[in-house]
Amino acid sequence: MKITPQTLYQILNSRFGSLDWWPMDKEYHTKKGSDQRFEVIVGAILTQNTAWSNVEKAIFSLKSQKVLDIDSISKVGIKKLQKLIKSSGFFNQKAERLKNLTLYFKQNYQGDLDHFFEKDINAIRTELLSLNGIGPETADSIILYAGNLPIFVVDAYTKRICERLPMDTKISYEEIQSYFEKELEKSYSKDELVKIYNNLHAMIVILGKNYCKKSPKCKGCPLNKYCNYYKNSNQ
DNA sequence: GTCCAGGGCCGTT
DNA sequence: AACGGCCATGGA
């Protein structure tokens, strides 16, 4: 029996509930739109192939030195920026990526991110992908979690979980993404989709961290009765 | 000490 | 188009 994205959503949702994701502190919610968006964007860059706990330290450092906004990052020295984000790893390239991106927003949108997200999704995505250091997952995370626009984020967890489950998914990023979106659009209205994509990706990350690890911990996984890998491994 | 994490780029086949 | 090496820290 195949598993559809809709079924996957329902199984995970009945276990994990609604997560309304992007891990941030309380103070974050008091910020105005553009600064909130920017904080998510910085997190999306810093978390590339990196544990979130290491990203949190970096964001805290940036915040404590008051360089967590477009203007400050564009002005701060590259060496200081590298030092502040050191804990997030790959700090040389990530510092450069933040500088580039910030400069881009400043030059093209006067630092107004609300304006940046007013275009249609494809235009935003193409623009993000043209920037150095922003690939598909980072672009889509930014669109979904900073832009609050409907796009499904595919990551290493999503690919791994899809491979282990009996699903009709191909291997490439765009194929998995369009399959999930096509299916979920059948079951949910346009207004609901942002929430659904937000929550589904969040739940997939939780599942990937706690159960469907590279070396899997199948005990207690809500997908056990559907999973090829679980059956084959006979745990 | 070894493995791994919410990728992406670049050079080689 | 697909693959491998590389980037780097901190926690398990």
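By convention in this document, chain letters (A, B, ...) are assigned in the order of the sequence lines, proteins followed by strands, and residues within each chain are numbered from 1.
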* Asked: Can you tell which of A:N132, A:L128, A:I70, A:L131 makes a side chain to side chain contact (heavy atoms under 4.5 Å, CB included) with A:Y104?
  ->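 For A:Y104, the side chain to side chain contact (heavy atoms under 4.5 Å, CB included) test succeeds with only one of A:N132, A:L128, A:I70, A:L131, which is A:L131.
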* Look at A:K186 together with A:E183 and state whether they make a salt bridge at an N to O cut-off of under 4.0 Å. =>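 Looking at A:K186 and A:E183, the cut-off is met.
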* Check ion pair A:R125-A:E137 (N to O, under 4.0 angstrom) ->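 Looking at A:R125 and A:E137, the cut-off is not met.
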* To do: Keeping to residues at least two apart or across chains, list the ring-ring contact (aromatic ring centres under 6.0 Å, His included) pairs with something in residues 77-96 of chain A.
  =>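 For residues 77-96 of chain A, and leaving out neighbouring residues, there are no ring-ring contact (aromatic ring centres under 6.0 Å, His included) pairs at all.
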* Please, which pairs that meet ring-ring contact (aromatic ring centres under 6.0 Å, His included) have at least one residue in residues 158-178 of chain A, sequence neighbours excluded? ->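 Sorted pair list comes back empty.
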* Qualifying salt bridge (Lys or Arg N to Asp or Glu O under 4.0 Å) pairs with a residue from residues 4-18 of chain A, counting only residues at least two apart or across chains ->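 Sorted result for residues 4-18 of chain A: empty, none.
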* **Any residue of residues 192-203 of chain A with a heavy atom less than 4.0 Å from an atom of DNA chain C** =>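 Here the set is empty: none.
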* Heavy-atom contacts under 4.0 Å between residues 79-109 of chain A and DNA chain C, which residues? ->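 Heavy-atom contacts with DNA chain C come from A:K86, A:S87, A:G89, A:F90, A:F91, A:N92, A:Q93.
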* Sugar-phosphate, base or nothing in reach of A:I134, heavy atoms under 4.0 Å ->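 Here A:I134 touches the backbone only, sparing every base.
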* At under 4.0 Å between heavy atoms, what does A:D155 touch on the DNA or RNA strands: base, sugar-phosphate, or nothing? ->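 Sugar-phosphate, backbone atoms only, no base.
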* If you pin A:A51 and A:G133 to their nearest nucleotides in DNA chain B, which one's is more 5'? ->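 Mapping each residue to its closest nucleotide by heavy atoms, the 5'-most match is A:A51.
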* Asked: The side chain of A:S53 lies closest to which of these nucleotides: B:dG8, C:dG11, C:dT9?
  ->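 Selected nucleotide (nearest to the side chain): C:dG11.
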* To do: Verify the neighbour count for atom CD of A:E127: are there more than 12 heavy atoms of other residues, nucleotides or ligands below 6.0 Å?
  =>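 Yes, because the 6.0 Å sphere around CD of A:E127 holds more than 12 heavy atoms from other groups.
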Nearest-Å distance, [atom1] ([X]) to [atom2] ([N])?
X	N	atom1	atom2	result
A:K170	C:dA1	NZ	C1'	16 Å
A:I59	C:dT9	CD1	P	18 Å
A:I45	B:dA5	CD1	P	20 Å
A:N54	B:dC3	CG	C1'	14 Å
A:N49	B:dC3	CG	C1'	12 Å

* OP1 or OP2 of B:dG8 under 4.0 Å from side-chain N/O of A:T138 ->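 For B:dG8, OP1/OP2 do have a side-chain N/O of A:T138 under 4.0 Å.
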* Would you kindly compare A:K57 and A:T50 by the position of their nearest DNA chain C nucleotide and give the one closer to the 5′ end? =>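 Checking each residue's closest nucleotide, the 5'-ward one belongs to A:T50.
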* Asked: Where along residues 205-215 of chain A does a heavy atom come under 4.0 Å from DNA chain B, residue by residue in number order?
  ->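 Heavy-atom contacts with DNA chain B come from A:V205, A:K209, A:K214.
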* Asked: Using atom P of each nucleotide, how far apart are B:dG8 and C:dG10 to the nearest Å?
  ->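 It works out to 22 Å between them.
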* Step-by-step side-chain contact (heavy atoms from CB on, under 4.5 Å) determination, A:C218 to A:N224 -> CA-CA 7 Å; A:C218 298; A:N224 275 347; 3.8 Å; yes
For the residue pair [Y] / [X], report whether a side-chain donor-acceptor contact shorter than 3.5 Å exists.
X	Y	value
A:S53	A:E56	no
A:T169	A:E175	no
A:T50	A:K94	yes

